[in-house]
There are 2 protein chains.
Amino acid sequence: MSNHSYNDSDKAAIYKVIAERRDIRHFLPTPIAPAILQRLLQAAHHAPSVGLMQPWRFIRITDAAVRKAIHAQVEEERMHTAKAIGEYENTARMAEFMRLKVEGILECGELLVATLCDHREKHVFGRRTIPEMDLASVSCAIQNIWLAARAEGIGVGWVSLFDPPKLAKLLAIPDGAKPVAILCIGHVNSFYKSPMLVEEGWKTEQPLSEMLMENAWEDNS
Amino acid sequence: MSNHSYNDSDKAAIYKVIAERRDIRHFLPTPIAPAILQRLLQAAHHAPSVGLMQPWRFIRITDAAVRKAIHAQVEEERMHTAKAIGEYENTARMAEFMRLKVEGILECGELLVATLCDHREKHVFGRRTIPEMDLASVSCAIQNIWLAARAEGIGVGWVSLFDPPKLAKLLAIPDGAKPVAILCIGHVNSFYKSPMLVEEGWKTEQPLSEMLMENAWEDNS
């Protein structure tokens, strides 16, 4: 068996970026250099995909009016979500939610909308019983962007507070395709030391040990 | 603006692992050292998650009989998929599919089943309009495993050829939870130079340029 391991320095860099990546909502308006944006998109394109489907599509938003319209849609969904949290949990929790900064759409240097491709029904391999595997592939692509961006010193936030059909209409996304992420990409003052929702007291993290089982589901709750 | 970028050597390591990661189906039976498995799982646990939901659960399969039963389920779905490809495309394509090695379940050193957690309906933040965001989070966690494993010189294959309710029954996964990945993890003779499905002539890759649009969907087809 040959040794395919990277050297210690490279391994350390990879574990470091995995640990230091954060979901960012606070951005500086400084533009992203085109060469960096290209590297991030190329990183996405190296992602695995079910049956080599490559279902990721990226719409780069350069029109300020479109950016504002996207922000308005997210703001609308933020209100719906607040109400749902109020009903499902309680009004104190709703108020806590309303205090959180959940996106940086108007401030970030680059805004991308990631969508699933159209004509997805053609792709049977690995999707016959789990059609949502295309979202899994796009998510791996976005995780690549997230990690590459952290290495570049750039923050990324995945906003999912939007109504897919409404956003599809705004961006002329055809039937069969589906927007799944609004990606805020930008320079930052600092990276959060812990996930922002932990820093803000919204939630505590559960340890890895609670996520592991052996040979069958075990009730950890 | 302070410079949060990693040094050139670290950045190069991160871009390298993103480019060299492969979906592996050919494994050596050598066991995975427990310390490495722990690092891979910790890497998964550093993933982002919608509303800090941490929806990933991992069932480690150490019982050979369970492993064989999982393999049998995948083999059954492989036949269903072949038939579906025959019907949707043609019999030549079905024969090509049948020649592909689509999993290494019986050979790999470690087998994990990744599942979505139960009680998912409690998590509203970021999921009111896109409930499948929990799969996105688990996929980011799996991409972390994939990248960390490549750095360790270890291969990972995500098998999605299975019927989730049947696999759930085998592993006593409760209603509300859902298995989404059978992860084959193991030492390898070599990493494919290109994705195996390209090397095997199953499919050609589309270039990144076909995935990019500006301000609205553009028909590239």
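Every chain is numbered from 1 and lettered A, B, ... according to where its sequence line falls, protein lines coming before strand lines. Note that the structure is a prediction, hence the values are computed from the model and not measured.
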Practice item. Heavy-atom distances under 4.5 Å only: say whether A:V138 touches chain B with side chain, backbone, both or neither. Key: neither
Review point. Could you state the interatomic distance from CG (B:N215) to CZ (A:R67), rounded to the nearest 0.5 Å?
Key: 10.0 Å
Review point. Does any heavy atom of chain B fall under 4.5 Å from the side chain of A:A177, the backbone, both, or neither of them?
Key: side chain
Exercise for review: Check whether any side-chain heavy atom of B:Q42 sits under 4.5 Å from a side-chain heavy atom of A:L208, and report yes or no.
Suggested key: yes
Exercise for review: State, with a plain yes or no, whether a side-chain heavy atom of B:R21 is found less than 4.5 Å away from one of A:H46.
Suggested key: no
**Study point:** A:Y88 six-ring face occupied by B:K122 cation (under 6.0 Å, within 45°)
**Key:** no
Check your understanding: Among all residues two or more places apart in sequence or in another chain, which pass the side chain to side chain donor-acceptor pair (under 3.5 Å) test with A:E205?
Key -> none
Point to revise | Distance in Å, B:S9 OG paired with A:D10 CG, rounded so as to fall on 0.5 Å steps | key: 5.5 Å
Review point. Between CE of A:M211 and CD of B:Q54, what distance do you get to the nearest 0.5 Å?
Key: 4.5 Å
Review point. Of all of A:D63, A:T204, A:L111, which one pairs up most often with chain B through heavy atoms under 4.5 Å apart?
Key: A:D63
Check your understanding: Is it the backbone or the side chain of A:K178 that comes under 4.5 Å from a heavy atom of chain B, or both, or neither?
Key -> side chain
Check your understanding: Checking B:L52 against chain A: side chain, backbone, both or neither under 4.5 Å from a heavy atom?
Key -> both
Exercise for review: Give the member of B:A47, B:P164, B:P55, B:P174 that has the highest number of heavy-atom pairs under 4.5 Å with chain A.
Suggested key: B:P174
Practice item. Answer yes or no: does atom CG of A:N7 have more than 12 heavy-atom neighbours from other residues, nucleotides or ligands under 6.0 Å? Key: yes
Revision key, fill the gap. Whatever's closer than 4.5 Å to a heavy atom in chain B on A:F162 counts as both
Review point. How many angstroms lie between atom CD of A:Q73 and atom OG1 of B:T129, to the nearest 0.5 angstrom?
Key: 10.5 Å
Point to revise | Under 4.5 Å from a heavy atom of chain A, the part of B:V17 involved | key: both
Review point. In terms of heavy-atom proximity below 4.5 Å to chain B, should A:L170 be classed as side chain, backbone, both, or neither?
Key: neither
**Study point:** Residue pair A:I14 / B:A151: nearest heavy atoms and the distance that separates them
**Key:** CD1-CB, 3.7 Å
Exercise for review: Taking A:S139 for its side chain and B:C140 for its backbone only, find out whether a donor-acceptor pair lies under 3.5 Å.
Suggested key: no
Exercise for review: Identify which part of A:I130 has an atom lying under 4.5 Å from any heavy atom of chain B, answering side chain, backbone, both or neither.
Suggested key: side chain
Practice item. Can you establish whether the number of heavy atoms outside B:K203 located under 6.0 Å from its atom NZ is more than 12? Key: yes
Review point. Of the backbone (N, CA, C, O) and the side chain (C-beta and beyond), which part of A:R150 lies under 4.5 Å from a heavy atom of chain B, both, or neither?
Key: both
Point to revise | Toward chain A, the part of B:I70 with a non-hydrogen atom under 4.5 Å | key: neither
Exercise for review: For B:E152, check side chain to side chain donor-acceptor pair (under 3.5 Å) against everything at least two apart and list the hits.
Suggested key: A:Y15, B:R39
Review point. Between A:P165 and chain B, which part of the residue has a heavy atom less than 4.5 Å away: side chain, backbone, both or neither?
Key: neither
**Study point:** Part of A:P195 lying under 4.5 Å from any heavy atom of chain B
**Key:** side chain
